[in-house]
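Below is one structure, written out as structure tokens, with a few remarks after it.
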Amino acid sequence: RFQCNSCHADSGCSTWNKKSRGRTERFAIRRLFHVEQLTRAVVVDVSKIDARRSCGAPNLSPLAAEDPFNRDAAVWAALGKYTEIVRRWAQKVNLVSQEDLPAFSERHVLPALALCHIIQALPHERLLDVGSGAGLPGIPLAIALPFSEITLIESRRRRANFLRHVVRSLGLTNVTVVCERVEAWTPVHGFDIIMSRAVTDLAGLALMTSHCLLPAGLLLVTTGPET
């Protein structure tokens, strides 16, 4: 018979100590325990972050100081082009509200960029933007962090097509667009960071994306002043 020394379960636990006639047999590892992993999450109120200061010239590109082609200017040019594409497509695809459109850069792009210094401080290779919609925060981050692989998952086909158009127009080789519901999607690789912007509550996001998150990964959720 097998029984876990920690949870004392007879079944359903993948880690056991073997018992024989009421006595625990000796093994090289003397005690094994059932371990339940909890998902780590970081919740960021973007309304309290100075996006311009957080994403100043040193943070926009890891190579900014050594780039002879002035990558900072290129980053801001790409962000401007992205903003113009959103404005052209906004009415066709219902990307953002008409009230937000005139201040799209201030209300949406800069708060997305404000996450740069947080992401750069975390060891990562792959990021997932769940319910990307207009490409937020994934597209601005992909422009500012060219060495991070970012996947944008969006279940609505028209929005996914818009995202593919943005990726092609900006030449973003570090971005992949997936048109699927995240809970029904099976990724080839796990993700170090999963991001979400106003998609669902934290517990719901953790449940939907648990199969996509690496064991040491975390959720990065942005909120506003009233959420």
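Every value quoted in this text rests on a predicted model; they were computed, and no experiment measured them.
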Which heavy-atom pair separates [X] from [Y] by the least distance, and what is that distance?
X	Y	answer
Pro111	Ser105	CD-O, 4.3 Å
Leu163	Ala134	CD2-C, 3.8 Å
Ala160	Val177	O-CG1, 3.7 Å
Pro140	Gly135	CD-O, 3.3 Å

How many angstroms lie between atom [atom1] of [X] and atom [atom2] of [Y], to the nearest 0.5 angstrom?
X	Y	atom1	atom2	result
Leu220	Asp192	CG	CG	12.5 Å
Leu128	Ile150	CG	CD1	10.0 Å
Leu113	His108	CG	NE2	13.0 Å
Leu79	Glu84	CG	CD	12.0 Å
Tyr82	Leu170	OH	CG	9.0 Å
Leu213	Leu205	CG	CG	9.5 Å

Evaluate the criterion side chain to side chain contact (heavy atoms under 4.5 Å, CB included) for residue pair Leu110 and Phe104; output intermediate values, then yes/no.
CA-CA 9 Å; Leu110 291 179; Phe104 179 76; over 6 Å; no
Would you say the side chain of [Y] lies within less than 4.5 Å of the side chain of [X], judging by non-hydrogen atoms?
X	Y	answer
Asp129	Ile153	no
Ser169	His165	yes
Ile143	Leu172	yes
Val166	Trp89	no
Met195	Leu141	yes
Leu152	Thr176	no

Please test Ile194 against Leu127 for side chain to side chain contact (heavy atoms under 4.5 Å, CB included), starting from the C-alpha separation and ending with a verdict.
CA-CA 6 Å; Ile194 295 180; Leu127 292 83; over 6 Å; no
For the pair [X] (side chain) and [Y] (backbone), establish whether a donor and an acceptor sit closer than 3.5 Å, ignoring hydrogens and angles.
X	Y	value
His124	Leu122	yes
Asn174	Glu149	no
Lys92	Arg158	no
Glu154	Gly133	yes
Glu180	Val182	no
Arg159	Ser132	no
Thr209	Cys212	no

I'd like to know whether CZ of Arg181 has more than 12 heavy-atom contacts from other residues, nucleotides or ligands below 6.0 angstrom.
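12 or below, so no.
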Surrounding CZ of Arg157 (heavy atoms of other residues, nucleotides or ligands, distance under 6.0 Å), is the total greater than 12?
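Open: at most 12 neighbouring heavy atoms sit under 6.0 Å from CZ of Arg157.
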I'd like to know whether Leu214 forms a side chain to side chain contact (heavy atoms under 4.5 Å, CB included) with Phe191, so could you lay out the CA-CA distance, the side-chain angles of the two residues, the decisive distance to 0.1 Å, and finally the verdict.
CA-CA 5 Å; Leu214 289 173; Phe191 293 88; 5.7 Å; no
Go through Glu125 and His189 one step at a time and tell me if the side chain to side chain contact (heavy atoms under 4.5 Å, CB included) criterion holds.
CA-CA 11 Å; Glu125 182 178 355; His189 303 286; over 6 Å; no
Go through it in stages, so that I can follow the logic: the residues are Arg164 and Asn161, the test is side chain to side chain donor-acceptor pair (under 3.5 Å), and I'd like the CA-CA distance, side-chain angles, deciding distance and then a yes or no.
CA-CA 5 Å; Arg164 294 188 180 105; Asn161 288 337; 3.1 Å; yes
Between His211 and Trp185, does the ring pair (Phe, Tyr, Trp, His ring centres under 6.0 Å) criterion hold? Intermediate values first, please.
CA-CA 9 Å; His211 63 292; Trp185 178 51; 7.6 Å; no
Report yes or no: do Ile139 and Trp76 belong to one cluster of Ile/Leu/Val/Met/Phe/Trp/Tyr joined by side chain heavy-atom distances under 4.5 Å?
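Linked within one cluster.
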